[in-house]
Amino acid sequence: MASAPRVRFAPSPTGYLHIGGARTALFNYLYARRFGGTFVLRIEDTDLERSTPESLKAILDGLKWLDIDWDEGPDKGGPYPPYFQTQRLDTYRQHAEQLIAAGKAYRCYCTQEEIRERRALAEKENRAYKYEGTCRERTDAPEGRPYVVRLKMPSQEGSVSFDDLVLGKITKEYSDLDDWVMLRGDGIPLYNFGCVIDDHLMDITLVARGQEHVNSTFPQLMLYQALGWQPPQFAHLPLILGPDREKLSKRKHKEADVMLHKANGILPEALLNFVIRLGWSHGNDEIISRQQMIEWFDFKDVGTTSGVWNPDKLLWLNQQYLKTLPSSDIAGRLAPFLAEKGHPLPAGDRRLEAFVLAFRERARTLEEMAAMAVPYLKQGVTLDEKAAAKHLTADSLKLVQQVRDEVATLPEWSVAGLDAVIKAVSERAGVGMGKVAQPIRVAVTGNTVSPGIGETLLLMGKEEALRRLDAALARG
RNA sequence: GUCCCCGUCGUCUAGAGGCCCAGGACGCUGGCCUUUCAAGCCGGUAACACGGGUUCGAAUCCCGUCGGGGACACCA
């Protein structure tokens with residue numbers, strides 16, 4: 001492969017961006033970036049029933065959110081247009097005609113009902129259905145009757161094989177193949193046909209796709225052969241499995257939806273990092289930057305075994321990114337989650353970054369972080385009765401009173417100053433800092449869990465903090 | 001059912017014949033730190049599916065068994 005690689009991601013716009021699709025897109029993208037190649041996005045919208053513009057938009061939005069950008073395709077154009085299969089119908093028809101003229105394909109007039117019946121029969125008799133070639137040698141061309149175009153498989157013994165970049169050599173006997181349909185009655189191509197024609201015409205050098213496609217590679221190879229074309233290289237990626245160990249599917253697994261993770265407060269960096277480690281590895285590296293991905297990725301390091309979705313690890317990774325990405329960056333991403341909870345803060349509001357700093361070691365998602373921040377944005381607080389009973393005793397309220405008085409006179413409402421007061425009060429009382437900090441924490445947050453006490457008070461703001469302390473004091 | 005692929009800790013994986021009585025990560029778990037919760041640090045738990053070969057030597061090669069998944073459309 002002397003020239004720069006051309007790879008593609010070819011989704012069908014029949015739903016949102018699937019997590020498996022996202023990984024396939026990522027692998028293709030990384031390969032193109034690493035080897036100075038081109039990443040093509042082609043839309044396989046030949047399923048007229050199910051393809052929708054909304055789905056197309058959802059897929060494009062998903063890729064953009066993940067920051068996987070394509071070099072050629074929708075919104076971009078490129079030297080091999082069009083990039084939508086429904087706009088390439090003439091091309092498919094021409095190739096089909098050419099194959100028919102060469103005697104390598106034929107018109108089949110069997111009706112769908114007939115085929116369906118025969119298939120049902122085969123199923124009943126527990127054998128695999130193969131089209132029996134009824135129209136294979138047919139020479140007449142009944143006027144006005146609809147037909148599909150089938151590719152002729154060799155009648156002799158033999159086999160096709162290819163060298164998969166991840167699976168190695170795979171072979172299939174001709175006898176296991178049948179004369180498959182390339183063109184429907186309405187002239188719309190089927191997947192195996194459109195895919196081959198386009199991959200070739202778009203000069204795709206390497207096709208990387210999910211392992212569910214290995215079996216369709218054989219009929220495709222037969223088409224390359226019939227056309228006298230050189231097939232591209234293939235790399236079949238291991239599947240991503242749900243918790244039930246079945247292929248992650250939109251119907252059964254909600255986590256298959258890329259954008260659901262966005263809504264859950266997962267960062268795209270973390271999602272990609274998680275997903276790349278499903279089936280690919282670089283030694284013991286776990287946290288891998290985009291730059292490293294590009295530097296290291298190769299299909300030869302892709303594994304052969306399917307991987308099970310592991311939400312715990314995704315969450316862990318997400319927190320790693322929450323902790324290490326610039327806090328100002330995270331702050332901007334946190335805002336929509338707060339707005340969602342009824343607390344829209346203006347962009348650049350200093351509290352946003354303060355929340356990030358306070359909660360990124362405690363929250364695993366932006367969603368959790370926002371939930372943690374809400375009590376600091378509301379007025380007033382509801383005390384957890386158990387916590388109050390334990391920590392807001394008559395004795396401890398005396399300490400709370402001292403803290404309240406001293407803190408109110410502080411020239412500056414800062415972590416250092418606030419912590420100093422807590423420390424001073426506890427020393428004076430001859431008790432550990434916990435004896436003072438916990439009652440304050442409960443008074444101010446309603447509960448026993450929060451960031452450091454100085455930080456908590458700071459986040460609360462002087463006015464609201466004093467108000468809550470007074471409320472707790474009034475209680476006793 | 002037929003065909004195809006796969007089989008290392010619960011999960012993701014490192015491992016390309018001796019460096020492995022198998023390493024890392026998540027999870028779980030013990031401890032340290034500590035004003036709570038986290039985070040962090042130190043430690044523990046747990047796997048080469050099974051049976052035959054090949055070899056001085058196998059997680060690594062071969063065969064079989066079992067197990068899992070995928071594909072069998074005028075869907076992609």
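Just so it is clear: chains get the letters A, B, ... in the order the sequence lines come, proteins before strands, and each one is counted from 1.
By the 30° and 60° cut-offs, the orientation of the rings of A:Phe297 relative to A:Phe27 is tilted. Below 30°, between 30° and 60°, or above 60°: for A:Tyr191 and A:His213 the angle between ring planes is between 30° and 60°, a tilted geometry. Ring orientation note: the planes of A:His261 and A:Trp309 are tilted relative to one another, at an angle of 30° to 60°.
A:Phe355 meets the ring pair (Phe, Tyr, Trp, His ring centres under 6.0 Å) test with no other residue; sequence neighbours excluded. Among residues two or more places apart in sequence or in another chain, the ring pair (Phe, Tyr, Trp, His ring centres under 6.0 Å) test is passed with A:Phe9 by none.
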Where along nucleotides 28-43 of chain B does protein come under 4.0 Å, by heavy atom, of base (B) or sugar-phosphate alone (S), with - for untouched nucleotides?
-------BBBBSS---
Can you give one letter per nucleotide of nucleotides 16-23 of chain B, 5' to 3': B if a protein heavy atom sits under 4.0 Å from the base, S if only from the sugar-phosphate, - if neither?
-------B
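Base pairing annotation: B:C3 forms a Watson-Crick or G-U wobble pair with B:G70, both donor-acceptor distances under 3.5 Å. The partner of B:C33 is absent, by the rule that a Watson-Crick or G-U pair needs both atom distances under 3.5 Å. Remark: B:A25 base-pairs with B:U11. Criterion, Watson-Crick or G-U wobble with two distances under 3.5 Å. Under the Watson-Crick and G-U wobble criteria, each requiring two contacts below 3.5 Å, nucleotide B:A39 is left unpaired. Using N1 to N3 plus N6-O4 or O6-N4 for Watson-Crick, or N1-O2 and O6-N3 for G-U wobble, each under 3.5 Å, B:U60 pairs with nothing.
Cation-pi geometry between A:Arg351 and A:Tyr376 is not satisfied (NZ or CZ under 6.0 Å from the ring centre, within 45° of the ring normal).
Residues from residues 149-167 of chain A that place a heavy atom under 4.0 Å from any atom of RNA chain B, listed by number: A:Leu167. Against RNA chain B, the stretch residues 52-63 of chain A makes no heavy-atom approach under 4.0 Å.
Using a 4.0 Å heavy-atom cutoff across all strands shown, A:Gln112 reaches at least one base atom of the nucleic acid. A:Ser426 comes within 4.0 angstrom of no nucleic acid atom, judged by non-hydrogen atoms across all strands. A:Gly185 comes within 4.0 angstrom of a nucleotide base, judged by non-hydrogen atoms across all strands. A:Thr14 comes within 4.0 angstrom of nothing in the nucleic acid, heavy atoms only. Residue A:Glu286 is classed as a base contact, given a heavy-atom separation below 4.0 Å to a base. Within the 4.0 angstrom heavy-atom criterion, no nucleotide atom of any strand lies near A:His236. Using a 4.0 Å heavy-atom cutoff across all strands shown, A:Val181 reaches sugar-phosphate atoms only and no base atom.
Heavy atoms only, all atoms of each residue included: A:Pro74 and A:Ile43 are closest at CG-CG1, 3.6 Å.
When each of A:Lys247 and A:Arg50 is assigned the nucleotide of RNA chain B bearing its nearest heavy atom, the one mapping closer to the 5' terminus is A:Lys247. Comparing A:Asn310 and A:Cys110 along RNA chain B, the residue whose closest nucleotide (by nearest heavy atom) sits nearer the 5' end is A:Asn310.
Around the NZ atom of A:Lys250, the shell of radius 6.0 Å holds more than 12 heavy atoms that belong to other residues, nucleotides or ligands. The neighbour count for A:Glu49 CD, taken as heavy atoms of other residues, nucleotides or ligands under 6.0 Å away, does not exceed 12. Atom NZ of A:Lys435 is surrounded by 12 or fewer heavy atoms from other residues, nucleotides or ligands within 6.0 Å.
Rounded to whole Å, the C1' atom of B:C66 lies 8 Å from the corresponding atom of B:A49. The separation of B:U54 from B:U60, taken at their P atoms, amounts to 15 Å, rounded to a whole angstrom. Remark: the separation of the C1' atoms in B:C33 and B:C9 is 30 Å, to the nearest Å. With both ends at atom C1', the span from B:G15 to B:G31 equals 32 Å, rounded to whole Å. A distance of about 42 Å separates the C1' atoms of B:A39 and B:G18, rounded to the whole Å. Rounded to a whole angstrom, the distance from the P atom of B:G44 to that of B:A25 is 12 Å. Across the P atoms, B:U11 and B:C28 are found 16 Å apart, a figure rounded to whole Å. For B:G27 and B:A38, the P atoms lie 13 Å apart once the distance is rounded to whole Å.
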For A:Phe162 and A:Tyr224, what are the C-alpha separation, side-chain angles and deciding distance, and is it a ring pair (Phe, Tyr, Trp, His ring centres under 6.0 Å)?
CA-CA 12 Å; A:Phe162 66 101; A:Tyr224 279 104; over 10 Å; no
Would A:Asp198 and A:Arg8 count as a salt bridge (charged side-chain N to carboxylate O under 4.0 Å, His left out) here? Give the steps.
CA-CA 10 Å; A:Asp198 289 344; A:Arg8 49 50 159 205; over 6 Å; no
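In this model, a donor atom of one side chain and an acceptor atom of the other lie less than 3.5 Å apart for A:Asp405 and A:Gln401. Side-chain atoms of A:Gln438 and A:Arg441 form a donor-acceptor pair, as typed in the model, at a separation below 3.5 Å.
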